[in-house]
Amino acid sequence: MTVSTCRFAPALTFVVAAWLCTSAATAGGPATLPRATTVSTALSVVESTDRLIVRLREPETGVAAASASSRLDRVAGRVGARLQRLRGMSGNAHVVQLSRLHSRAEAAALARQLELDPEGQYAEPDLRMVALRIPNDPSYSQQWHYFEAIGGINLPAAWDRTIGSAAITVAVIDTGSTAHPELDGRRVAGYDFIGNTTMSQDGDGRDADASDAGDYGCNGGGNSSWHGTHVAGTIGAASDNGSGVAGVNWTSKIQPVRVLGRCGGYTSDIADGMRWAAGIALAGVPANATPARVLNLSLGGSGACGATFQNAINDVVARGTVVVVAAGNSNVDVSSATPANCTGVIAVAATTRSGGRAGYSNFGQNVALSAPGSSILSTLNTGSTTPGAPGYATYSGTSMATPHVAGVVSLMLSINPSMTPAQVLTALRSSARTFPTGTGADCTTALCGAGIVNAAAALAIAVPPSPPVSSRVNLALASSGGVMTASSTHNAGHAPPGAKNGDRKGSAWGAGGGWNDNTAYVWGDWLQVDLGVAKSVGEIDVFTVQDNYTNPAEPTEAMTFTQYGIADFEIQFWTGTAWQTVPGGSATGNNRVWRRFAFTPVLTSKIR
């Protein structure tokens with residue numbers, strides 16, 4: 001579908017309409033990625049280009065040969081494109097210059113048009129490459145499990161695509177949380193489901209305080225593990241902040257759900273915690289204001305999957321929540337470990353730095369895939385029994401492997417929140433990296449699942465496909481549910497609704513055919529379209545008033561203005577918590593009547 005809206009710097013007259021491809025979905029979009037402060041030597045794609053690579057078909061026998069430039073001009077004319085041949089290149093292809101900078105999606109759409117021409121053989125964007133995104137956290141170099149080619153999960157390339165969405169929450173069903181500067185700003189309100197005060201060790205029963213009071217003292221000894229804090233740090237420690245470690249997801253929220261205390265936790269408490277985390281109402285418990293799309297269960301016991309666990313899993317999966325579970329640390333077939341042996345979960349085994357099976361890890365056909373689980377550096381607490389100062393430590397176990405997968409799932413849902421749990425599992429398995437050999441404890445698909453989780457490859461599968469052109473609808477129309485508001489209005493003839501009436505020319509200018517603000521020469525005006533529900537927006541077209549506004553022509557992308565149009569503006573979308581500029585959505589020194597902005601689709605309920 002399509003929509004339009006923008007934030008205009010100058011207080012000048014203009015007409016706005018907009019077009020995008022959309023489908024109803026959950027609100028929230030991926031965070032825009034700031035430039036990395038440090039880089040690696042590998043390469044990644046920059047999401048805009050002003051060039052294409054084109055190869056033309058060989059002329060038919062007996063047809064007079066024409067120059068490459070003239071043939072390209074002919075093809076461009078048939079598809080309505082403005083391009084110029086720069087040079088030939090290897091492989092009998094040509095580098096062509098576009099008239100302006102295009103987003104990756106926009107350039108790909110133009111390339112597809114060239115390929116469909118009778119003289120076109122193939123065409124693709126001439127993409128720029130840059131060094132992969134690497135966080136500046138000082139201990140990141142010790143987090144081999146994120147980036148090493150053999151045993152890591154290929155996160156740097158994934159971070160170039162997204163660092164997460166604030167609209168996605170991951171629930172850590174575990175021992176609760178401790179204060180930590182790497183986590184304090186990342187958490188949303190959780191809940192303590194431990195009703196037994198001997199187990200909770202916090203002096204009370206169930207309540208809204210999910211703090212980890214410690215799980216020390218089981219069978220008369222033992223220090224506290226601060227297990228939930230370690231798991232949470234792998235999923236989402238504050239990253240690229242020049243401090244400590246990095247997490248898999250830099251933006252999404254973490255919800256502590258306390259179900260484990262002294263000597264573990266009851267199945268009944270865990271099942272309740274799972275349902276509550278997924279947003280299912282429970283009697284006597286306040287509603288969860290931020291339901292999780294991903295549940296991380298780095299816990300388990302022995303035995304068959306009972307009805308209590310299976311029913312809870314069925315309920316949360318039916319709501320679209322993905323359940324990621326540790327396979328267990330008993331070096332036995334996972335079929336005897338619960339809840340990893342339940343239907344509908346993603347059971348995760350552990351691998352070592354060499355990519356081999358960790359000696360403690362459970363195994364078997366019920367394992368979906370594997371992730372690094374040995375010597376995993378993450379956040380912790382330094383207290384021996386009760387909470388002390390925040391710190392860091394390396395832990396090993398399938399409990400440490402599981403949050404790697406849960407974190408990757410949260411990144412997948414950040415760019416495509418419409419994915420179902422079944423689709424997530426299929427994408428993870430089909431994109432997993434083949435197990436290495438010669439490790440001394442080689443994994444196979446019969447033992448350790450489909451492979452080692454590959455974050456970048458999983459995200460590539462998760463990206464929603466571009467909607468077909470035939471589905472384009474003008475969401476700016478009132479008939480499509482668009483509601484227009486503005487920072488100010490000049491008069492009734494230039495009210496905000498006039499900017500979404502489908503009049504791209506502005507032929508009814510001054511009579512409901514466009515919007516004009518009421519703050520001449522005072523910048524910072526805005527015009528906003530409320531879509532009603534969140535929709536997938538991949539293109540926005542902005543039309544400004546023409547010089548000959550009394551007798552305007554049908555606009556083209558080549559049409560320019562010299563008098564009344566808008567020169568400097570931004571296109572922004574609502575993430576659910578803040579306004580964010582769309583990729584490539586800033587225009588400075590604009591002189592074109594029609595500006596098209598195409599980008600990787602974002603889910604949003606408002607554009608301005």
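Index from 1, following the sequence.
A disulfide bond (SG atoms under 2.5 Å apart) check over residues 281-343, counting only residues at least two apart or in different chains, returns the pairs C305-C342.
Relative ring orientation between H145 and H404 is described as perpendicular, the plane-to-plane angle rising above 60° on a 0-90° scale split at 30° and 60°. Using a 30° and 60° split on the angle between ring planes, Y191 and W276 fall in the tilted class, from 30° to 60°.
With rounding to the nearest 0.5 angstrom, the CG atom of L155 is 9.0 Å from the CG atom of L459.
Ring to ring, H230 and Y392 are not that close: their centroids are 6.0 angstrom or more apart. Under the 6.0 Å cut-off for aromatic ring centres, W579 and F573 do not qualify, their centroids lying 6.0 Å or more apart.
Side-chain contact between V188 and I254 is absent, with no heavy-atom pair separated by less than 4.5 Å. Side-chain contact between N296 and I173: absent, with no pair of heavy atoms (C-beta onward) separated by less than 4.5 Å.
If you check the side chains of Q365 and D333, you find no donor sitting under 3.5 Å from an acceptor. Remark: the S431 side chain and the N454 side chain contain no N/O donor-acceptor pair separated by less than 3.5 Å. In summary, the side chains of N311 and R275 do not present any donor paired with an acceptor at a separation below 3.5 Å, with no hydrogens or angles considered.
Using a cut-off of 4.0 Å between Lys/Arg side-chain N and Asp/Glu carboxylate O, R258 and D202 are scored as salt-bridged.
The residue from D212, T229, D184, T382 that alone fulfils the side chain to side chain donor-acceptor pair (under 3.5 Å) condition with T178 is T229.
Between the S239 side chain and the A237 main chain, a donor and an acceptor come within less than 3.5 Å of each other.
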